[in-house]
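Below is one structure, written out as structure tokens, with a few remarks after it.
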Amino acid sequence: MKIDLVVGARPNFMKAAPVVEELRGDPEYFRVRLIHTGQHYDVRMSQVFFQDLSMPEPDIYLGVGSGTHGVQTAKVMIEYEKVLLGDKPDLVLVVGDVNSTLACSLVAVKLGVRVGHIEAGVRSFDWEMPEEINRLVTDTLSEFLFTPTVDADQNLLKEGHSPDQIHRVGNVMIDSLLKHREKAEKSPILTKMGLEPQGYVLVTLHRPANVDAQEQLKKFMAAFAEIQERIPIVFPVHPRTQKMIRTALGDPSDRSGPDNLQKGSPLTEGTINRLRNLKMTDPVGYLDFIKLQANARLVLTDSGGIQAETTVLNVPCLTLRKNTEWPITLERGTNTLVGAEPEGIVGGVQKILSQEFPPGREKAGVPELWDGKTAKRIVGILKNLALQGQLFTNSIHRGNF
Ligand code: UD1
Ligand code: UDP
């Protein structure tokens with residue numbers, strides 16, 4: 001069976017790596033092409049993950065880069081269509097919810113190639129998130145829906161998908177987390193950054209709704225300024241957010257002091273630079289980031305994947321949003337939605353620091369099937385489908401890759 005596996009952006013790499021490994025481990029049945037769209041291209045947003053995850057280099061790099069949604073999605077479609085017109089696989093596997101996921105699925109089905117979606121059925125029910133649109137459309141286009149949770153199955157059933165299409169396999173990004181956790185513990189990042197285990201808060205922020213509007217971004221920065229007075233903050237800043245912080249904070253030559261950080265006062269890059277306990281860095285690699293998560297007192301984030309990873313690591317997570325596509329993390333008790341207003345964020349952090357808000361999963365364990373074997377299950381299902389004749393067979397002997 002010839003399979004194309006698509007990656008494009010940071011959260012795709014740790015989801016794809018275990019699947020490539022599993023498929024390449026069975027060369028009699030599977031021949032896989034790893035397609036990298038180039039949606040993310042900075043070394044720290046892409047290349048570092050290939051090294052950290054010991055993932056093979058992409059077979060095909062589409063090099064699409066950044067752009068508006070229309071431009072980026074269209075460029076992926078144009079470039080991937082050329083690849084498929086040259087040589088069609090039997091199946092295209094896509095992961096997650098980024099523009100590359102949607103674009104490659106759409107090109108594939110229009111050329112009669114079947115699509116399997118890994119992390120299907122996940123919903124925030126927030127139509128303002130570009131990812132929600134990508135998820136819904138990709139699931140509509142996909143024949144094989146590999147889901148991480150019971151709620152994802154239910155979402156798909158309510159949307160009218162057939163139970164035969166739905167395969168609950170667990171959360172594939174947890175395969176990578178469990179596989180690399182020990183290696184990540186050896187990362188020297190804490191020493192390099194002068195941090196003590198349990199002695200800092202880890203922050204990430206990149207959702208357009210949170211960072212693209214200056215007023216909202218300033219609110220977050222004001223909350224972080226307040227929090228760092230109690231406990232150091234480490235903030236590896238996503239490139240989208242770096243760009244917006246530079247725009248929002250205005251004159252970088254401003255050197256006014258932290259006194260300016262009273263509520264409602266202007267927050268400038270000058271004042272941010274003077275907040276000694278707010279350590280802003282470029283995004284860090286996977287192993288460093290896992291080490292930072294595992295040892296954090298708590299995590300503040302608007303990332304989807306990090307809500308899931310903190311649940312497995314049993315680290316308290318405050319999600320800087322009003323909704324989540326990972327309700328199971330709320331049920332397990334590791335994650336809490338605190339929204340985007342400084343009062344809620346600072347209040348949530350204070351509760352955790354003063355132990356009023358005991359974190360943890362006392363209520364229940366790690367979610368079912370988040371056990372490091374998800375990729376194995378996916379590949380097992382594909383093999384069975386092939387054996388039953390539901391997915392072409394022997395085509396690896398016909399293809400030319
Ligand atoms: C994308 C995904 C989002 C995911 C996030 C993970 C979509 C719609 N969004 O958002 O779901 O959570 O990735 O990180 O697919 N940039 C760089 N270097 C890079 C990549 C991006 O500087 O390597 C900058 C560019 O200015 C770009 C901006 O970041 O315009 C946004 O990148 P883009 O891929 O459009 O969306 P993300 O915000 O990264
Ligand atoms: N991550 C990383 N370095 C960072 C920030 C995040 O390696 O500086 C990893 C994190 O451990 C998780 C994934 O990136 O595996 C989450 O991706 P992101 O937050 O960009 O996207 P989302 O999950 O929100 O789509």
Side-chain angles (χ1 to χ4, degrees), residues 7-17 36-53 63-73 75-76 94-104 119 122 124 128-135 137-138 171-177 180-181 184 187 189 202-212 234-244 246-247 280-294 296 299 301-310 312-313 315 317 319-321 324-326 329:
V7 292
R10 178 166 72 186
N12 295 159
F13 305 122
M14 58 294 297
K15 296 173 190 174
H36 188 334
T37 66
Q39 175 173 347
H40 284 175
Y41 43 84
D42 286 349
V43 171
R44 287 165 196 255
M45 296 299 287
S46 172
Q47 203 177 311
V48 68
F49 294 96
F50 286 81
Q51 289 152 12
D52 281 7
L53 294 155
V64 302
S66 302
T68 61
H69 285 276
V71 166
Q72 189 174 60
T73 309
K75 275 189 178 169
V76 176
V94 294
V95 297
D97 54 17
V98 303
N99 284 345
S100 303
T101 311
L102 164 67
C104 292
E119 212 180 78
V122 169
S124 65
E128 283 175 22
M129 286 181 83
E131 295 80 4
E132 185 70 359
I133 301 167
N134 292 345
R135 291 177 198 122
V137 179
T138 303
N171 189 339
V172 79
M173 81 186 300
I174 302 306
D175 287 16
S176 282
L177 175 65
H180 294 283
R181 199 176 158 180
S187 149
I189 186 99
L202 177 63
V203 172
T204 80
L205 195 66
H206 71 274
R207 299 256 89 89
N210 279 344
V211 303
D212 286 4
V234 184
F235 182 7
V237 192
H238 187 284
R240 170 190 286 277
T241 314
Q242 288 196 18
K243 205 164 73 178
M244 298 318 297
R246 282 195 203 101
T247 315
M280 291 163 82
T281 70
D282 278 330
V284 300
Y286 184 69
L287 297 175
D288 287 343
F289 196 77
I290 296 302
K291 170 93 179 189
L292 283 172
Q293 277 190 86
V299 175
T301 193
D302 60 3
S303 157
I306 294 169
Q307 296 173 59
E309 287 172 342
T310 46
V312 173
L313 293 168
V315 171
C317 176
T319 294
L320 307 168
R321 290 169 43 188
T324 178
E325 56 284 346
W326 293 104
T329 64

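Reckoned from all heavy atoms, side chains included, excluding hydrogens, waters and symmetry mates. Read the numbers this way: they start at 1 and go in the same order the structure lists the ligands and their atoms.
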Exercise for review: Looking only at protein heavy atoms, identify the closest one to atom 13 (C) of ligand 2 and say how far it is in Å.
Suggested key: Met14 CE, 3.8 Å
**Study point:** Minimum-distance protein heavy atom relative to atom 14 (O) of ligand 1
**Key:** His238 NE2, 3.0 Å
Check your understanding: Considering distance alone, does some N or O of Arg10 sit under 3.5 Å from an N or O of ligand 2?
Key -> yes
Review point. Going from CD1 on Ile290 to CZ on Arg181, what distance comes out if it is rounded to the nearest 0.5 angstrom?
Key: 9.0 Å
Revision key, fill the gap. Side chain to side chain contact (heavy atoms under 4.5 Å, CB included) test vs Ile306 passes for just one of Thr329, Leu202, Thr204, namely Thr204
Revision key, fill the gap. Going by the 4.0 angstrom heavy-atom rule, the piece of His238 near ligand 2 is neither
Review point. Is there a donor-acceptor pair closer than 3.5 Å between any side-chain N or O of Gln242 and the backbone N or O of Val237?
Key: yes
Review point. Taking both backbone and side-chain atoms of Asn134, is any N or O found less than 3.5 Å from an N or O belonging to ligand 1?
Key: no
Practice item. Indicate yes or no for a side-chain donor-acceptor contact from Tyr286 to the backbone of Leu177 under 3.5 Å, with no hydrogens or angles considered. Key: yes
Revision key, fill the gap. Shortest non-hydrogen pair, Arg135 vs Val122, comes out as CD-O, 2.9 Å
Check your understanding: Between the candidates Gln293, Gln307, Lys15, His206, which shows the shortest non-hydrogen contact distance to atom 18 (P) of ligand 2?
Key -> His206
Check your understanding: Numbering the atoms of ligand 1 from 1, which are under 4.0 Å from a heavy atom of Arg207?
Key -> 3 (C), 4 (C), 11 (O), 12 (O)
Exercise for review: To the nearest 0.5 Å, tell me how far Thr73 OG1 sits from Leu102 CG.
Suggested key: 6.0 Å
Point to revise | NE2 on His40 to CZ on Phe49, rounded to 0.5 Å | key: 10.0 Å
Check your understanding: Just wondering, are more than 12 heavy atoms of other shown residues or ligands nearer than 6.0 Å to CD in Glu128?
Key -> no
Exercise for review: Report the nearest protein non-hydrogen atom to atom 3 (N) of ligand 2: residue, atom name, distance rounded to 0.1 Å.
Suggested key: Val284 O, 2.7 Å
Practice item. Specify the protein heavy atom at minimum distance from atom 25 (O) of ligand 2: its residue, its atom name, and the distance to 0.1 Å. Key: Pro11 CG, 3.4 Å
Point to revise | Which atom of Met45 lies closest to which atom of Pro283, heavy atoms considered | key: SD-CG, 3.8 Å
Check your understanding: Does Gln242 come within less than 4.0 angstrom of ligand 1, counting non-hydrogen atoms of the residue?
Key -> no
Review point. In the protein, what heavy atom is nearest to atom 15 (O) of ligand 2, and what distance, to one decimal place, separates them?
Key: Glu309 OE2, 2.6 Å
**Study point:** Test item: Ser176 side-chain N/O and Met14 main-chain N/O as donor-acceptor pair under 3.5 Å
**Key:** yes
Study note, to complete from the structure: Of Arg135, His40, His206, Met129, the residue with the heavy atom nearest atom 39 (O) of ligand 1 is His40
Revision key, fill the gap. Atom 24 (O) of ligand 2 sits nearest the protein heavy atom Gly304 N, 2.9 Å
Practice item. Using a 4.0 Å heavy-atom cut-off, say whether Glu131 meets ligand 2 through its side chain, its backbone, both or neither. Key: neither
**Study point:** No-hydrogen, no-angle side-chain donor-acceptor test under 3.5 Å, Ser46 and His36
**Key:** yes
Study note, to complete from the structure: Under 4.0 Å between heavy atoms, the region of Tyr286 that gets near ligand 2 turns out to be both
Point to revise | Inter-residue atom distance Glu309.CD - Thr301.OG1, 0.5 Å rounding | key: 9.5 Å
Review point. Evaluating non-hydrogen atoms only, which member of Pro283, Ala9, Ser303 is closest to atom 22 (P) of ligand 2?
Key: Ser303
Exercise for review: Spell out, as yes or no, whether a donor-acceptor pair under 3.5 Å connects the side chain of Glu132 to the backbone of Ser124.
Suggested key: yes
Revision key, fill the gap. A student checking ligand 1 against Ser66 at a 4.0 Å heavy-atom cut-off should list atoms 21 (C), 25 (C), 27 (C), 30 (O)
Review point. Taking both backbone and side-chain atoms of Thr204, is any N or O found less than 3.5 Å from an N or O belonging to ligand 2?
Key: no
Exercise for review: Classify the contact between Pro11 and ligand 1 as side chain, backbone, both or neither, using a heavy-atom distance cut-off of under 4.0 Å.
Suggested key: side chain
Study note, to complete from the structure: If we number the atoms of ligand 2 from 1 as shown, the ones under 4.0 Å from a heavy atom of Pro236 are 8 (O)
Check your understanding: So, the side chain of Ser187 versus the backbone of Leu287: is there a donor-acceptor pair under 3.5 Å, distance only?
Key -> no
Point to revise | Residue, atom name and distance, where the atom is the protein heavy atom closest to atom 24 (C) of ligand 1 | key: Pro239 CB, 3.7 Å
Revision key, fill the gap. The option among Val43, Asp42, Asn99 carrying the non-hydrogen atom nearest to atom 15 (O) of ligand 1 is Asn99
Point to revise | Sub-4.0 Å heavy-atom approach of Gly285 to ligand 2 | key: yes
Revision key, fill the gap. The protein heavy atom nearest to atom 19 (C) of ligand 1 is Tyr41 CZ, 3.5 Å
Point to revise | For atom 2 (C) of ligand 1, the protein heavy atom that lies nearest, with its residue and separation | key: Val98 CG1, 3.8 Å
Study note, to complete from the structure: In terms of its nearest heavy atom to atom 36 (O) of ligand 1, the top option of Arg240, Gln72, Lys243 is Arg240
**Study point:** Exercise: identify the closest heavy-atom pair between Gln72 and Ser66
**Key:** NE2-CA, 3.8 Å
Exercise for review: Could you tell me whether Asp302 and Arg321 have a side-chain N and a carboxylate O separated by less than 4.0 Å?
Suggested key: no
**Study point:** Residue Glu131 vicinity, atoms of ligand 1 by number, heavy atom under 4.0 Å
**Key:** 3 (C), 9 (N), 11 (O)
Review point. At what distance is the nearest protein heavy atom to atom 23 (O) of ligand 2, and which residue and atom is it?
Key: Gly305 N, 2.7 Å
Point to revise | Contacting atoms of ligand 2, where contact means under 4.0 angstrom from a heavy atom of Met173 | key: 12 (C), 15 (O)
**Study point:** Check: Asp42 main-chain N/O paired with Gln47 side-chain donor or acceptor under 3.5 Å
**Key:** no
Review point. How far is atom 7 (O) of ligand 2 from its nearest protein heavy atom, and which residue and atom is that?
Key: Phe49 CE2, 3.2 Å
